[in-house]
Colleague: 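Below you'll find the structure I mean.
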Amino acid sequence: MISQGKCAAGGAVDHVKSENGRLTVSTVDGTPAVGVCGSGLVDAVGVLLDEKVINASGKFAKSLPEGTDFSTRLEADKKRFLLSRGKRGGVYITQKDIRKVQLAKSAIATGVELMLEEAGKSVGDIARVYVAGSFGNYITVENAMRIGILPRIAREKITSVGNSSGLGAIEFIIRPELWKEALAVAKGARHIELATHRDFQRTFVKNLSFD
């Protein structure tokens with residue numbers, strides 16, 4: 001669990017930006033921040049990387065140039081960074097949070113990489129990426145690519161589709177002929193067991209880096 005993780009509801013930090021050397025955050029409903037949801041976490045890690053608050057290994061800097069907004073937010077001794085000040089002590093992202101993001105993003109990136117390998121393809125062969133769900137609908141795609149959750153391809157190739165399962169169910173009701181197409185796709189699919197894949201451990205360790 002993320003130390004101050006929260007569902008995308010009131011008070012959840014949903015976006016984080018660096019503007020003119022200052023950190024800005026927004027929350028789902030504009031109320032004071034009390035936690036951070038998935039899209040805000042992706043943004044935060046992307047911004048911290050760009051501002052060199054953390055390095056490619058995910059480790060916090062020991063210090064930053066004094067007098068900047070980012071230096072006043074970094075609490076290196078406590079291994080945490082202040083996203084938003086507040087009456088409850090503020091919302092922080094910690095070193096452990098960064099490590100958990102690394103594990104999750106490496107799992108995703110490794111799955112993508114090994115699927116492409118098994119198909120005899122490369123990242124350059126990807127024609128389109130569809131990102132589903134509320135998380136996919138609200139993440140900043142550039143930051144998701146920056147930290148490695150999404151493959152680094154041309155931005156126009158990535159499309160957020162929202163509730164794809166719900167929309168798909170509606171399509172099947174309206175157009176029964178799609179069942180044949182779906183069955184053909186299912187029959188042509190091949191299961192890849194990542195945990196026992198010969199390259200899983202090596203690829204997973206490599207993808208822990210934010211390089």
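Numbers here simply count residues along the sequence, with the first being 1. All values below were derived from every heavy atom in this structure, side-chain atoms included, with hydrogens, water molecules and symmetry-related copies excluded.
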Colleague: How far does OG1 of Thr27 sit from NZ of Lys6, to the nearest 0.5 angstrom?
Modeller: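 Answer rounded to 0.5 Å: 10.0 Å.
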Colleague: Could you tell me which residues satisfy side-chain hydrogen bond (donor to acceptor under 3.5 Å, both in side chains) with Asp125, sequence neighbours excluded, listed by chain and number?
Modeller: Ser122
Colleague: Side chains of Arg175 and Leu178, heavy atoms from C-beta outward: is any pair under 4.5 Å?
Modeller: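 Yes; the side chains approach each other to less than 4.5 Å.
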Colleague: Measure the spacing between NZ of Lys79 and CD1 of Ile93 and express it to the nearest 0.5 Å.
Modeller: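 So the gap between those two atoms works out to 15.0 Å.
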Colleague: Has the side chain of Arg80 got a donor or acceptor atom that lies under 3.5 Å from a matching backbone atom of Thr94?
Modeller: no
Colleague: Would you indicate whether Glu181, at its atom CD, is surrounded by more than 12 heavy atoms from other residues, nucleotides or ligands within a distance under 6.0 Å?
Modeller: no
Colleague: Pairs of donor and acceptor atoms involving the side chains of residues 37-56, under 3.5 Å and at least two apart or interchain, shall be tabulated with distances.
Modeller:
{"residue": "Ser39", "atom": "OG", "partner": "Asp14", "partner atom": "O", "Å": "2.8"}
{"residue": "Asp43", "atom": "OD1", "partner": "Thr140", "partner atom": "OG1", "Å": "2.9"}
{"residue": "Asp43", "atom": "OD1", "partner": "Asn143", "partner atom": "ND2", "Å": "2.8"}
{"residue": "Asp43", "atom": "OD2", "partner": "His15", "partner atom": "ND1", "Å": "2.9"}
{"residue": "Asp43", "atom": "OD2", "partner": "Val16", "partner atom": "N", "Å": "3.1"}
{"residue": "Asp43", "atom": "OD2", "partner": "Thr140", "partner atom": "OG1", "Å": "3.3"}
{"residue": "Asp50", "atom": "OD1", "partner": "Arg146", "partner atom": "NE", "Å": "2.8"}
{"residue": "Glu51", "atom": "OE2", "partner": "Ser18", "partner atom": "OG", "Å": "2.7"}
{"residue": "Asn55", "atom": "OD1", "partner": "Ser57", "partner atom": "N", "Å": "3.0"}
{"residue": "Asn55", "atom": "OD1", "partner": "Ser57", "partner atom": "OG", "Å": "2.6"}
{"residue": "Asn55", "atom": "OD1", "partner": "Gly58", "partner atom": "N", "Å": "3.2"}
{"residue": "Asn55", "atom": "OD1", "partner": "Lys59", "partner atom": "N", "Å": "3.1"}

Colleague: So which heavy atom on Thr31 is nearest to which on Asp29, and how close?
Modeller: OG1-OD1, 2.6 Å
Colleague: With sequence neighbours excluded, what pairs up with Ser165 under the side-chain hydrogen bond (donor to acceptor under 3.5 Å, both in side chains) test?
Modeller: Asn163
Colleague: Any donor-acceptor pair under 3.5 Å linking the side chain of Ser71 with the backbone of Thr68?
Modeller: yes
Colleague: Looking only at heavy atoms, what is the nearest atom pair of Ile139 and Ala144, with distance?
Modeller: CD1-CB, 3.9 Å
Colleague: Count I, L, V, M, F, W, Y as connected when their side-chain heavy atoms are under 4.5 Å apart, and connections chain through other members. Are Leu208 and Ile98 then in the same cluster?
Modeller: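 No: no chain of side-chain contacts under 4.5 Å links Leu208 to Ile98.
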Colleague: Under 6.0 Å from the NZ atom of Lys100, do we count more than 12 heavy atoms belonging to anything else shown?
Modeller: yes
Colleague: Taking the side chain as C-beta and beyond, is there a heavy-atom pair between Tyr92 and Glu75 under 4.5 Å?
Modeller: yes
Colleague: Measure across Arg73 and Ser84 and return the closest heavy-atom pair with its distance rounded to 0.1 Å.
Modeller: NH1-N, 4.0 Å
Colleague: Is Arg202 salt-bridged to Asp199, cutoff N-O under 4.0 Å?
Modeller: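 Yes, this pair counts.
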Colleague: Under 3.5 Å, side-chain donor or acceptor atoms of residues 103-116 against the rest of the protein: list the pairs with distances, not counting sequence neighbours.
Modeller:
{"residue": "Lys105", "atom": "NZ", "partner": "Asn207", "partner atom": "O", "Å": "2.5"}
{"residue": "Lys105", "atom": "NZ", "partner": "Ser209", "partner atom": "O", "Å": "2.5"}
{"residue": "Ser106", "atom": "OG", "partner": "Phe204", "partner atom": "O", "Å": "2.6"}
{"residue": "Thr110", "atom": "OG1", "partner": "Ser106", "partner atom": "O", "Å": "2.6"}
{"residue": "Thr110", "atom": "OG1", "partner": "Asn207", "partner atom": "ND2", "Å": "3.1"}
{"residue": "Glu113", "atom": "OE1", "partner": "Lys206", "partner atom": "NZ", "Å": "3.0"}
{"residue": "Glu113", "atom": "OE1", "partner": "Asn207", "partner atom": "ND2", "Å": "3.3"}
{"residue": "Glu113", "atom": "OE2", "partner": "Lys206", "partner atom": "NZ", "Å": "2.6"}

Colleague: Heavy-atom count check: over 12 atoms from other residues, nucleotides or ligands less than 6.0 Å from Tyr138 OH?
Modeller: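 No.
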Colleague: Between atom CG of Asp97 and atom CE of Met1, what is the distance when rounded to the nearest 0.5 Å?
Modeller: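 Taking CG in Asp97 and CE in Met1, the distance rounds to 10.5 Å.
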Colleague: Say you draw a straight line from CG of Leu23 to CD of Glu19; how long is it, rounded to the nearest 0.5 Å?
Modeller: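 Going from CG on Leu23 over to CD on Glu19, the span is 9.5 Å.
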Colleague: Ignoring hydrogens and angles, tell me if any N or O in the side chain of Lys157 forms a donor-acceptor pair with the backbone of Ile126 under 3.5 Å.
Modeller: yes
Colleague: Report yes or no: do Val101 and Leu82 belong to one cluster of Ile/Leu/Val/Met/Phe/Trp/Tyr joined by side chain heavy-atom distances under 4.5 Å?
Modeller: no
Colleague: Answer whether the closest heavy-atom distance between the side chains of Thr159 and Arg128 falls below 4.5 Å.
Modeller: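 With C-beta onward as the side chain, the pair touches.
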Colleague: Kindly give the heavy-atom pair with the smallest separation between Ser160 and Asn137, and that separation in Å.
Modeller: CB-OD1, 3.8 Å
Colleague: Got a sec, which residues hit ring-ring contact (aromatic ring centres under 6.0 Å, His included) with Tyr130, two or more places apart in sequence or on another chain?
Modeller: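 Expected list: none.
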Colleague: Taking atom CD of Glu177 as the centre, does the number of heavy atoms from other residues, nucleotides or ligands within less than 6.0 Å exceed 12?
Modeller: yes
Colleague: Could you list the residues that satisfy side-chain hydrogen bond (donor to acceptor under 3.5 Å, both in side chains) with Arg22, not counting sequence neighbours?
Modeller: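 Scan of Arg22 (side-chain hydrogen bond (donor to acceptor under 3.5 Å, both in side chains), adjacent residues dropped) gives none.
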Colleague: Is Ile158 reachable from Val123 through a run of I, L, V, M, F, W or Y residues, each pair having side-chain heavy atoms under 4.5 Å apart?
Modeller: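 Same cluster: Val123 reaches Ile158 through Ile, Leu, Val, Met, Phe, Trp or Tyr contacts under 4.5 Å.
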Colleague: What heavy-atom pair brings Phe81 and Phe60 nearest, and what distance separates the two atoms?
Modeller: CB-CE2, 3.7 Å
Colleague: Same cluster for Ile2 and Val28 if Ile/Leu/Val/Met/Phe/Trp/Tyr side chains link at under 4.5 Å?
Modeller: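 No, it is not one cluster - the side chains of Ile2 and Val28 are not joined through contacts under 4.5 Å.
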Colleague: Indicate yes or no for a side-chain donor-acceptor contact from Gln95 to the backbone of Lys78 under 3.5 Å, with no hydrogens or angles considered.
Modeller: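 Not at all, since once roles are kept as given, no pair shorter than 3.5 Å links the two residues.
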Colleague: Are Ile149 and Ile153 connected in a single hydrophobic cluster, I mean Ile/Leu/Val/Met/Phe/Trp/Tyr linked by side-chain heavy atoms less than 4.5 Å apart?
Modeller: yes
